[in-house]
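Take a look at the structure set out below.
Every chain is numbered from 1, with letters handed out A, B, ... down the list of sequences.
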Amino acid sequence: MPIFALVDCNNFYASCEKLFDPRLAGVPVVVLSNNDGCVVARSAEVKALGIPMGVPWFRIREQARRHGIVAFSSNYALYADMSNRVVEVLAQFSPDIEVYSIDESFLDVSGFEGTGLAEYGRQIRERVQRWLGLTVCVGIAPTKTLAKLANHCAKKNLAGAAGVCDFTIMPPADLDALLTRIDVGEVWGVGRKLTPRLQAMGIGTVRDLRDADAETLRSRFSVVLERTLRELRGTSCLALEEVVPDKQQIICSRSFGERVHDLEALQEAVASYLSRAAEKLRQQGSLAGALTVYIRTSPFNPSEPRYQKAVTVPLPEATADSRLLARWGRRILKQIYRPGFAYQKAGVMLSDIRPRLRNQLSLFSSSRATRANGRLMQALDQINARWGRGTLRLAAEGLDKEWQMKRGHLSPGYTTEWAGLPTVKAR
DNA sequence: CTATAACTCTCAA
DNA sequence: CTAACGTTGAGAGTTATAG
């Protein structure tokens, strides 16, 4: 029988930004999505102000100014670096770890019951706090779904959790009472659409869901929800996934900093995104058999003429060559582009992905040429790994990239750039 | 008609 | 000055299509 601990960093992106600037202690901090579009992370002070997750930045800008909120553009290099450090610490507590997202990991802690799992959870919390200055909460339970829920309780300080909540030793009556106080929408897998549908059936709390009729839910909804139900009842249906499988599709898309009108700028963007996507593809040692390119105008502004189009082409031969993919991308974009629109976003998707080894060659392919191209891409990747992404790139990507996303509030690369090292000023 | 492909919907962080 | 609203990936279910 597994026992899962879900360890989740509090306000992760905002906490990372605060970490390197002591003046931000007690200051409300938000982190913005790409293009400085929406609020994607809020410090405790911001949550206390009632600012909702996901709100467009421009809509709260005035309010933010009044409250002295400090905003940061998202700095994924920083967050990924801190995330790796957290995982290193967590790995000391269990050999079985699933890195579920940038700020969450599941640990299998069965076998560590000795001093009590809650105590173990407190040690985890303590060590991450001491070594990295980041606060985590720990939820412990016999299934992943319940561990998620226990983590929620730890965060909200329900049942006197204080950062750690262990369902495995909770008396059933206490657990029932607790689950009665939590909205069904908090359950992992119950989202925006499912919540109101369940509520309409009289299922408003986690306890209602747990005690609902499995057969009815199966027929009215899906096997996914039935699985959730079993997990809530304590039967583990979701295993710890320690090895990350290869991606089946690789997407790269961005909103532009300013609207883009002309084809050539779009071509640069598509070539750039394809370079990035192909790099990811090569990293996992795969080839793509199909390529999608799409462009669209803003879906939000009702006064702008709308247009969106996506086209997928199967490639005659699967490839991971940036130049070949860029050439195909160019052809597709030329085909879907319509002049006279204010484009807001473009994107590419690589699909029909397969391992590079034992790839089926086409009748007319030259394996010698393929190998040479492979070596070229390898050299390109090595140079960019050594000297930084974008050191060597396709001419088609353009030089000025005036379509690039906005990042007006970027913090220094505290842990990733020499120039970003915090300095102490003499006084 | 069946098997599969293609597309849509939902969810998550 | 004004207008301005993220990205990536998976899986299930549904619909379209080919043979």
Students often get this wrong, so: under 4.0 angstrom with heavy atoms, is A/Val348 touching a base, only sugar-phosphate, or nothing?
nothing
Taking the six-membered ring for Trp, are A/Phe256 and A/Trp403 parallel (under 30°), tilted (30 to 60°) or perpendicular (over 60°)?
perpendicular
Sugar-phosphate, base or nothing in reach of A/Arg197, heavy atoms under 4.0 Å:
nothing
Would you say CD of A/Glu258 has more than 12 non-hydrogen atoms from neighbouring residues, nucleotides or ligands within 6.0 angstrom?
no
Sugar-phosphate, base or nothing in reach of A/Trp188, heavy atoms under 4.0 Å
sugar-phosphate
Using purine N1 to pyrimidine N3 plus N6-O4 or O6-N4 for Watson-Crick, or N1-O2 and O6-N3 for G-U wobble, each under 3.5 Å, what pairs with C/dT14?
B/dA6
Roughly, in whole Å, what's the span from CD1 in A/Ile251 to P in C/dG11?
13 Å
Note, A/Tyr120 side chain near A/Val138 side chain (heavy atom, < 4.5 Å)
no
Distance-only side-chain donor-acceptor flag, A/Arg282 / A/Gln378, under 3.5 Å
no
Among C/dC5, B/dA13, C/dG6, find the nucleotide with the atom closest to the side chain of A/Tyr76.
C/dG6
Touch check for A/Val55, heavy atoms < 4.0 angstrom, all strands: base, sugar-phosphate only, or nothing?
nothing
In whole angstroms, the gap separating P of C/dG11 from CD of A/Gln249 amounts to 10 Å
What is the distance, rounded to the nearest whole Å, between atom CZ of A/Arg61 and atom C1' of C/dC5?
13 Å
From C/dC5, C/dT7, C/dA4, pick the nucleotide closest to the side chain of A/Asn34?
C/dT7
Taking only side-chain N and O atoms of A/Gln344, does any of them lie within less than 4.0 angstrom of OP1 or OP2 on C/dG6?
yes
Nearest to side-chain heavy atoms of A/Ser222, which nucleotide of C/dC5, B/dC11, C/dA12:
C/dA12
Aromatic A/Phe106 / basic A/Lys144 pairing, under 6.0 angstrom, 45° off normal:
yes
Using a 4.0 Å heavy-atom cut-off across all strands, classify A/Arg59 as base, sugar-phosphate, or nothing.
base
A/Arg407 CZ to C/dG6 P, in whole Å, measures 15 Å
Does A/Arg259 make a side-chain N or O approach to OP1 or OP2 of C/dC5 shorter than 4.0 Å?
yes
Under 30°, 30 to 60°, or over 60°: which ring-plane class applies to A/Phe341 and A/Tyr307, parallel, tilted or perpendicular?
parallel
Considering just the side-chain nitrogens and oxygens of A/Lys345, establish if one lies under 4.0 Å of OP1 or OP2 belonging to C/dC5.
no
If only side-chain N and O atoms of A/Gln248 are considered, is one of them under 4.0 Å from the OP1 or OP2 phosphate oxygen of C/dG11?
yes
Return the 5'-most residue of the pair A/Asp246, A/Lys406 with respect to DNA chain C, ranking by each residue's nearest nucleotide.
A/Lys406
N or O in side chain of A/Ser253 less than 4.0 angstrom from C/dG6 OP1/OP2
no
Nearest to the side chain of A/Lys193 - C/dG13, B/dC11, C/dC5?
B/dC11
How long is the line joining CZ of A/Arg227 and P of B/dT10, in whole Å?
17 Å
Please determine if a side-chain N or O atom of A/Asn35 lies less than 4.0 Å away from the OP1 or OP2 oxygen of C/dC5.
no
Give A/Glu304 one of three labels, base, sugar-phosphate or nothing, depending on what nucleic acid heavy atoms sit under 4.0 Å from its own.
sugar-phosphate
Taking for each residue the nucleotide of DNA chain C bearing the nearest heavy atom, is the 5' side occupied by A/Phe221 or by A/Phe58?
A/Phe58
So what does A/Asn301 touch, heavy atoms closer than 4.0 Å: a base, only the sugar-phosphate, or nothing?
sugar-phosphate
Compare the minimum distances between each of C/dC5, B/dA12, C/dG9 and the side chain of A/Phe300, then state the nucleotide with the smallest one.
C/dC5
How many Å lie between CZ on A/Arg220 and P on C/dG13, as a whole number?
16 Å
Side chain of A/Cys38 (C-beta onward), nearest among C/dC5, C/dT7, C/dA10:
C/dC5
Remember a base hit wins even if backbone is also touched, and classify A/Leu194 as base, sugar-phosphate or nothing at under 4.0 Å, heavy atoms.
sugar-phosphate
Whole angstrom is fine here: how far is it from CD in A/Gln404 over to P in C/dT7?
13 Å
Where the side chain of A/Pro56 is concerned, which of C/dC5, C/dA12, B/dA13 is the nearest nucleotide?
C/dC5
When you compare B/dA12 with C/dC5, how far apart are their P atoms, in angstrom units rounded to a whole number?
25 Å
Identified pairing partner of C/dA4, criterion: Watson-Crick or G-U wobble below 3.5 Å:
none
Would one find a side-chain N or O of A/Arg254 under 4.0 angstrom from OP1 or OP2 of C/dT8?
yes
Specify the separation, in whole Å, of atom CG of A/Asp8 and atom P of B/dA12.
14 Å
For the ring pair A/Tyr343 and A/Tyr337, is the centre-to-centre distance below 6.0 Å?
yes
What one should report as the nearest heavy-atom pair of A/Leu117 and A/Ile140 is O-CD1, 3.3 Å
Within the 4.0 Å heavy-atom criterion, would you say A/Ile250 contacts the bases, only the backbone, or no part of the nucleic acid?
sugar-phosphate
C/dG6 OP1/OP2 closer than 4.0 Å to side-chain N/O of A/Ser255
yes
